[in-house]
Each structure stands twice: as C-alpha cells, then as structure tokens.
Amino acid sequence: MGYALFNIFIFPGFLFLGVISLVAEYFDRKLYARLQNRVGPPWFQPLADFIKLLGKEDVVPEEADKKMFNLSPVFALTAVMTAFFYIPLWGAQAIFSFNGDLIVVLYLLTIPTLTFFLGGWYSRSLFSTIGAVRSITQLFAYEIPLFVSILAPAMLANTWSLSEMAAYYNSHPWFWLANLIGFGVALISLLGKLERVPFDIPEAETEIVAGSFTEYSGRLLAYFRMAIDMEAIVGASLLAAVFLPFGLGLSPVLGFILYLIKIFAIIALLALFRTVFARLRIDQMVEFCWKYIAPIAFFQVLLDLVLKAFVIR
Amino acid sequence: MTDAETIKQKLEAKFNYLKGSVRLQREKRLWLETAYDKFAELFDFAVKELGFSFLCTITGLDEGENLGYIYHLAQPGGIVLNIKTRTKKNEPIKSITAYFPSGNIYERELVDLLGAKVEGLIEGLRYPLPDDWPRDQYPLRKDWDAKVLEKGSYGEMHGENVQMPIGPKQIKGPTSFSIAHKNDVTLPIGPQHPALKEPESFSVALRGEKIAGVELRLGYNHRGIEKGCEQRSYIQDIYLIERICGICSHSHSTAYVSAVEEIAGLEIPKRASYIRTIIAELERIHSHLLWLGVAGHEIGFDTLLMYSWRDREAIMDILAMLTGNRVNYGINQIGGVRRDITPDQVPQIIKVIETLEEQTKYYIQLALEEVTLIQRLSGVGVLSKEDVLRLGAVGPTARASSVPRDTRKDDPYAAYAEMPFKVITDDHNDVYGRTIVRLGELMESYSMTKHALINMPDGPISVKAPRKIPAGEAVSRYEAPRGEDVHYIKSNGTENPERVKVRAPTLANTQAVSKMLEDRYLADLPIVVAAIDPCFSCTDRSISIINLENEHEKVMTWKDLRDYSVEWYKKQGVDFSKMKRRQFP
C-alpha cells in the first residue's frame with residue numbers, strides 16, 4: 001500500500017511528472033532559443049514562471065461561467081496525470097494496466113483539448129471563443145491519424161494493453177522498425193495536440209491574442225501551462241512506449257537513462273519542427289491532416305495487417 | 001524640350017487664362033493657380049489628357065478669408081503638377097473621389113483639420129481627429145488656439161448651452177458595417193493587439209473564419225507635428241520632423257530639408273548628397289530587414305524574426321557609428337549634412353554589407369523554397385495592377401504588382417541620379433511578391449551603398465543656410481522604405497514656416513488594405529496588414545494632444561496611479577513604498 005502511494009505521488013507519479021515536465025520545458029525553450037541564435041532562459045526559468053504565476057491574481061471575467069472557467073484547468077491537469085499511470089516507462093510494466101488501457105490513455109489525452117475548448121468557450125471573450133472553436137476544429141483533424149497510427153502497432157502485438165504491447169515488442173526485438181511510418185504520423189499529430197508551431201493555430205498570438213487562454217491569468221493559467229507541459233511528457237512517453245519499445249529489459253538505472261534519452265529526443269524533434277516552420281492556416285491544417293497524414297496512418301495499419309497475416313506466423 | 005515644358009505648353013494652349021502663369025519652379029515641378037469655378041475642367045484635363053494618374057496628396061491652407069487647396073498630381077515620368085485653387089471658408093468644394101478613390105482620406109483630413117466642406121465625400125469614420133474632438137474646432141486654422149480645449153473656456157466661449165465634447169464612455173465603437181450579417185462576429189483587432197506594433201483599430205466582421213468586412217480607424221497616434229512645425233523655426237523643425245517615425249526618420253528629414261533648400265535656392269555640395277544617399281540606403285536596409293522579421297512573426301515563424309533582427313543589429317551599429325544615433329540620426333541640416341564619413345569608416349561599412357549580402361542570399365533562397373512560408377504568403381492579399389493604379393498604392397506594395405513606381409528613379413533626389421540600380425518589380429501581386437520585392441531591394445541597396453561609398457566625391461559637406469527662408473513653396477518627394485513620402489512646405493519670409501504638410505507612404509497604402517482582405521481568412525489579416533509595412537506613427541502625425549478633463553472620467557496623474565498601486569499592494573501584504581531603488585552611477 002505504502003509503495004503504491006509512493007508510486008502514485010512521488011516516483012514515477014505526480015512529483016516526478018511535474019519535475020520532468022519543467023525540465024522538458026526548459027530543454028525545449030533552450031533548444032528553440034539556441035536554434036534561433038538566442039541565449040535562451042536559465043535552467044530554473046520554467047519553475048520560476050510557474051511559481052510567479054501561482055502568486056498572481058486570478059481574474060475571472062464578469063461574463064464568464066465561473067464554474068467551468070475555474071474547473072477547466074483542473075480537469076486538464078487531472079486527465080494528463082491519470083494517463084501517465086498507464087504508460088510503461090522504462091520497464092515493460094506500467095504502474096497500472098488492464099486490457100484496453102491503450103484506449104483509455106488516448107481518451108484521457110483528448111480531455112485537455114476539450115478543456116481548452118470549454119475554458120475558452122465559457123470565457124465569453126471573442127478571442128477565446130474563436131480560439132476554442134479552432135481548438136476543436138483542429139482536434140478533428142489530428143485525432144484520427146493519431147488514433148489510427150497508435151492502433152497499428154497494437155494490432156501487430158494483438159493486444160489493447162500498453163504494458164502487454166511493450167512486453168510483446170520486448171520479446172520480438174526489431175519489430176518496432178515496422179512502425180516507423182506510424183511514428184512520424186504520431187509525431188505530427190502530437191504537434192497538433194500540443195498546439196505547437198506549425199499547428200499553434202488555436203493560440204495564434206498575432207490573430208487572436210492567446211486563443212482560449214486569453215482571459216486566463218494567475219493560478220488557473222499556471223495549471224493550464226503545467227497541464228500542457230505534462231501533456232508533452234505524457235505524449236512523448238506514449239510515443240516512446242508504442243513506437244520505440246527497445247531496451248526494456250535493461251537494469252532500472254540504465255533503463256531509466258534510456259527512457260530519458262527517448263523522450264528528450266522526441267521533445268528535441270518537436271522543438272526542431274517549431275523552429276523551421278511557419279504557422280499554417282486552419283483550413284490548410286485540416287486539409288493537410290486529412291489529405292496526407294490520415295492516409296499514411298491507414299497505410300501503416302495495412303502494413304501491419306499484411307505483416308501479421310503473411311510474414312509473422 | 002523637356003516633358004514638363006511640353007505639358008506646360010499643352011496647358012497654356014488649352015486654357016487661355018493660364019498663359020504665362022504656369023510656373024516651372026524646377027525640373028519636374030509645375031505650379032499653376034486657377035479660380036475654383038474653372039478647377040473641375042482643368043483637373044479633368046490634367047488627369048485624362050495629360051496622364052497625371054497619381055494623386056500624391058491634397059494640401060489645405062488657411063489664407064485668412066479663404067481656404068486654399070493644392071492638388072499634387074504626379075505622372076509616371078515623375079513630373080508633379082500642383083494645382084492651386086481657393087474658395088471662401090464657408091463654400092464647399094467637390095470631392096475628387098470619382099477620379100481618385102484614394103483622395104477620400106486626404107479630403108477627410110481637410111474636413112477635420114481645416115474645416116473644409118467637401119461635397120460627395122463618402123460617409124465613414126472620422127479621420128484623423130479623435131471621436132470626442134469638438135466638431136467645430138479646426139486645429140490647422142491660423143486663428144485656432146489649443147486653449148479652447150481646456151476645461152471651462154470651451155463652454156465660456158460658446159455659451160452655456162454648448163455641449164461639451166463627449167467622454168470616452170459615450171463613444172460608440174466603429175461597428176457600422178453595411179455588409180454585416182446577423183450571424184457575423186465583430187472582432188476588435190486593436191487599438192491594442194499583439195499583431196499591431198502601434199495603435200490603430202481594425203474592426204473585422206467575421207463569418208466563421210472568413211472576413212466579411214473590415215473597418216479601419218486611424219488617428220491614435222496624433223501628436224500635432226504639422227501644427228507644431230508652424231510654431232517652430234526651420235532648424236527646430238528638422239528635429240521635430242525626424243521624430244515623425246522611428247524607422248524612416250531620415251526619409252522625413254531629408255524630404256523636409258530638400259524642400260526648404262529648394263525654396264531658399266541652396267545648392268548642396270555633392271559630398272553631402274552622397275552622404276544623404278548612403279544613410280538613406282542604410283535606413284532602407286534596416287527597415288526591410290525589420291519588415292522581414294515582423295512578417296515572419298505575423299505568420300508564426302519566429303525563427304526568421306530572430307535571424308533577420310540579429311542581422312539588422314549590424315546595420316544599426318553602422319548607423320550609430322556614422323551619425324552617433326541608432327534611430328533618429330540627425331544627420332541632415334539645411335544646406336548639407338552634419339557629419340562626414342571618414343576614410344577609415346568605409347572599409348568597416350563595406351565589410352558589414354558584404355556579410356549581410358550573404359545572409360540575404362540565404363533569405364532569398366529560404367523564401368523561394370520553404371513550403372510553409374510559401375503556403376502562407378502566396379495568393380494572400382492580392383492587389384491587381386489596376387487596383388494599385390486606382391487606389392494609389394506606393395512603394396513595394398505597388399512594385400509587387402508590377403507597377404514600377406519608384407521616386408528614386410522617376411524623380412531623383414540626393415545623389416540617386418548617379419546611382420546604378422534597378423527598380424525591382426514582381427508580378428505575383430500578393431504578399432509573396434512583396435517579400436520578393438523587398439528582398440530584391442535589399443540586394444540593390446547593398447550594391448548602391450557600396451557604389452556610393454567608393455565613388456563619393458571629396459569636398460565640403462555643407463553650405464551656410466540663412467535663418468530666414470524667403471517666401472515660396474516647394475514639394476519634395478522621397479522614396480522611403482515604405483513608399484513615396486511627400487512633403488509640402490510654404491514659407492512666408494520669416495524664421496518659421498507657414499505650412500508644413502506631410503503625406504507618409506502608409507497613408508497611401510492603408511486604402512488598399514480593405515481591398516486586399518476581401519474574402520480572406522482571419523489568419524491572413526496580420527500578414528496582409530504587415531505586408532504594406534505599416535507605419536502608423538508616420539501616418540498619424542498632426543494635431544495637438546487633447547488636454548481635456550471631462551465630467552465622466554477621473555483623470556489619474558502618474559502620481560495618483562503610483563499611489564493607488566502602492567495602496568493596492570499594501571492590502572495584499574506587500575509594501576513597495578519603502579522599497580529601495582537601485583542607484584546607478
């Protein structure tokens with residue numbers, strides 16, 4: 001019991017997730033800055049930002065629906081934290097698992113976007129409303145490719161449980177190479193989920209100020225930002241578990257280091273995309289996802305089915 | 001016989017009463033005067049028969065009994081025809097928007113600032129005065145005194161029943177869309193918005209993500225510079241004019257001093273005009289690099305912003321080295337320039353320019369190859385060649401629609417007549433084309449600066465200018481980084497000018513913005529607006545600061561505000577009032 005609580009709250013639970021997401025935010029910002037020929041923030045900047053935001057006044061717009069406005073950030077944070085427990089990190093076993101947890105994780109990861117929508121919509125500000133609508137429009141564009149690309153490896157492993165998937169790929173080394181196309185699709189979708197350039201359309205500063213978050217300030221904004229940071233880690237961990245399931249049998253220390261390398265590599269890729277692209281328009285984004293990304297994701301499924309039927313007996 | 005002389009002959013042949021009164025003040029400058037009842041026919045002839053296809057601006061003058069109007073018309077060859085006419089103060093003039101839709105904004109200025117009555121002016125928002133400015137106060141009239149706006153005196157002057165100017169709360173926002181649909185959302189972009197670097201207001205009617213209509217309200221940046229110039233001496237005015245804009249500061253001051261020099265009949269030394277040209281081109285380089293960064297930021301491509309602004313810093317350093325200042329160079333004086341370029345500075349400048357040439361080649365390659373950049377820029381903000389000519393767009397905005405309108409070529413000033421350079425045009429007609437044009441112009445500016453530095457003649461850098469400038473008038477045109485900048489100066493033989501009129505390039509270009517935004521998406525708005533490289537501080541230059549304390553609003557002084565914030569924080573448990581401030585040596 002005590003150990004389970006330790007797992008949930010300290011390591012690799014909430015505290016670890018909090019710390020690593022701040023480290024990841026620093027890593028992302030510093031790398032982004034260096035790629036742009038800037039100095040970048042000092043290592044404690046994300047933590048300092050977080051603490052400072054916590055100390056600021058919460059301003060709730062008069063027009064806003066107070067309940068939804070206040071609850072949205074908390075929902076976002078909770079959903080992301082819950083999802084983290086079902087993802088195998090360095091061993092083949094997650095803290096909790098059951099057959100079907102893959103689906104649960106994917107749905108839990110959809111909740112933050114929904115809270116962005118609700119928070120923005122109930123702010124009643126024009127900028128927030130437009131941002132909220134854009135969030136949800138974008139959700140429909142990237143969510144299907146993301147789901148399909150993650151389901152493909154699951155089909156190959158013949159299970160709906162992330163832990164069992166990890167165990168399967170651990171006992172069949174090199175099979176993960178078959179899913180590299182899906183990995184690319186999932187990375188692009190993750191950019192959309194995290195609302196990063198080129199898919200930062202819902203927060204496009206020069207058009208709609210900060211989108212859904214325009215009216216948020218103080219503690220509530222801090223929670224939202226924390227949720228996004230954690231979502232980056234959870235997303236990266238999910239991708240690492242599904243698409244890069246190698247080296248899981250190593251000793252805990254080595255395994256932990258390998259896990260860090262994997263997720264930071266994914267975060268570095270996201271930062272790189274952020275550096276080299278301009279923001280797309282919402283119509284271009286939706287078109288891009290449905291015309292190119294979704295078919296590629298379906299191709300991955302087809303590839304895995306063919307492999308399963310003819311190559312792997 | 002030059003073209004200007006041919007035009008003069010044609011005018012005199014057509015209109016008998018003009019015989020002998022058409023004045024060719026200098027090459028490419030024609031001046032004539034006409035009574036207002038004969039104006040319409042003359043104007044029609046000039047536009048339709050003589051090919052004056054571009055309205056630079058309209059200047060209004062307070063002549064005591066009368067209001068004077070000067071219509072500055074230009075043709076592609078660079079000849080400017082200045083038609084002067086006058087009416088009694090209470091008599092109306094007819095709008096010329098049938099010939100030039102762009103005249104609308106200049107006429108609005110006449111109405112607000114001089115109290116002209118214009119028949120046929122399109123209904124719309126006020127420009128350039130604030131909404132709560134009294135309708136019967138015309139600040140550019142000679143007898144106008146800012147004191148009337150102080151509390152009490154306005155009411156005293158006009159009796160008890162006069163309504164005080166309405167307070168901010170009672171002002172209705174600009175929301176009168178004729179095309180607005182009941183499902184449309186009106187989004188306020190501005191006066192304060194992250195996409196805008198200066199305050200101005202775009203009210204955008206949105207149908208989903210599509211723009212259904214845009215209403216533009218300018219004038220948030222008025223500082224009374226035109227009026228201020230009339231109250232200062234010519235020398236003080238150089239520095240005031242320079243502060244119209246933080247980016248094209250040299251443009252405005254050069255346009256101003258060349259007009260004054262023309263009136264005073266001063267011939268400036270060759271070396272001075274070369275130095276003016278070098279500073280002008282360096283200014284264009286820094287402005288275009290700045291634009292490139294802003295454009296990148298508007299489409300969410302911050303990496304481009306960081307890179308191009310890093311490069312721009314090198315040019316700023318050069319400007320600081322040459323003039324002592326990064327922004328307001330203060331290099332011009334009447335009769336020449338203030339500082340010389342020393343021989344050991346030349347290789348330093350050339351070295352920096354060569355580095356920048358390499359960088360710019362990389363940006364050109366980037367613009368031609370980067371997919372998301374092209375997707376966001378091409379086909380956006382389309383302005384056809386016909387629209388450019390109709391709406392009177394200037395600068396890179398016009399050149400990107402294959403209109404080779406460049407004052408440096410058409411009507412050379414400073415040392416541009418001796419500079420080898422191409423006028424860069426493009427036929428994309430969109431924001432992408434404007435990017436290509438600006439990048440191409442950067443390359444031209446580099447080679448032009450190098451040429452000027454190497455071929456700079458020796459000699460003095462200034463001639464002595466008189467304190468009092470003889471009576472006269474002059475129009476000078478200058479190709480600022482954003483387009484043609486027009487200054488009109490009228491002198492009356494004293495130390496102070498009688499009238500200074502400035503038409504900044506952005507004012508000419510803003511009128512094309514609504515056209516460019518037709519049927520576009522909200523996401524395109526920032527980049528379309530940015531693509532004309534708007535400079536609203538240039539555009540909104542006139543009018544004194546309104547010093548008006550009205551009944552409804554409590555005006556807080558800086559001290560009140562500070563005390564309030566200290567009190568507020570005390571309630572939160574933080575006491576800033578005893579905080580020690582760091583002393584700087």
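Naming: A, B, ... by sequence-line order, numbering from 1 per chain.
For the residue pair Tyr223(A) / Thr115(A), no side-chain donor-acceptor distance below 3.5 Å is found, with atom types taken as modelled. Side chains of His428(B) and Asp426(B): a donor-acceptor N/O pair is present below 3.5 angstrom, by distance only.
Arg310(B) CZ: more than 12 foreign heavy atoms inside a 6.0 Å radius. Counted within 6.0 Å of CZ on Phe264(A), heavy atoms from surrounding residues, nucleotides or ligands total more than 12; the atom is thus considered enclosed. By the neighbour-count criterion of 12 heavy atoms within 6.0 Å, atom CZ of Phe299(A) is sparsely surrounded, having that number or fewer from other residues, nucleotides or ligands.
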message: Tyr122(A) vs Ser72(A), test: side-chain hydrogen bond (donor to acceptor under 3.5 Å, both in side chains). Steps then yes/no.
response: CA-CA 10 Å; Tyr122(A) 284 108; Ser72(A) 292; over 6 Å; no
query: Are Glu354(B) and Lys351(B) close enough, and set up right, to give a salt bridge (Lys or Arg N to Asp or Glu O under 4.0 Å), and what steps lead you there?
result: CA-CA 5 Å; Glu354(B) 273 164 3; Lys351(B) 204 178 140 207; over 6 Å; no
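Contact count versus chain B (heavy atoms, under 4.5 Å) is highest, among Leu35(A), Asp283(A), Val197(A), for Asp283(A). Ranked by heavy-atom pairs under 4.5 Å with chain A, the list Ile527(B), Thr303(B), Leu305(B) is led by Thr303(B).
Neither the backbone nor the side chain of Ile201(A) comes within contact range of chain B; no heavy atom of the residue lies under 4.5 Å from a heavy atom of that chain. Heavy atoms of Leu280(A) lying under 4.5 Å from chain B belong to its backbone as well as its side chain. Looking at Arg38(A), the atoms closer than 4.5 Å to chain B (heavy atoms on both sides) all sit in the side chain, from C-beta outward.
Heavy-atom neighbours of chain B within the stretch residues 128-139 of chain A, taken at a separation under 4.5 angstrom, comprise Ile130(A), Arg134(A). Residue-level contacts of residues 289-296 of chain B with chain A do not occur; threshold 4.5 Å between heavy atoms.
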N/O donor to acceptor pairs below 3.5 angstrom from side-chain atoms of residues 42-55 of chain A, sequence neighbours left out:
| from | atom 1 | to | atom 2 | distance (Å) |
| --- | --- | --- | --- | --- |
| Gln45(A) | NE2 | Asp49(A) | OD1 | 2.9 |
| Asp49(A) | OD2 | Arg29(A) | NH1 | 3.1 |

Under 3.5 Å, which donor-acceptor pairs link side chains of residues 362-371 of chain B to any protein atom two or more places apart or in another chain?
| from | atom 1 | to | atom 2 | distance (Å) |
| --- | --- | --- | --- | --- |
| Tyr363(B) | OH | Tyr307(B) | O | 3.4 |
| Tyr363(B) | OH | Asp311(B) | OD2 | 2.4 |
| Tyr363(B) | OH | Gln359(B) | NE2 | 3.4 |
| Glu370(B) | OE2 | Thr372(B) | N | 3.1 |
| Glu370(B) | OE2 | Thr372(B) | OG1 | 2.3 |

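Rounded to the nearest 0.5 Å, atoms CD1 (Ile181(A)) and CD (Gln300(A)) are 5.5 Å apart. To the nearest 0.5 Å, the span separating CD1 on Ile267(A) from CG on Leu272(A) amounts to 13.5 Å. If you take CG on Leu22(A) and CZ on Phe27(A), they are separated by 15.0 Å, rounding to the nearest 0.5 Å.
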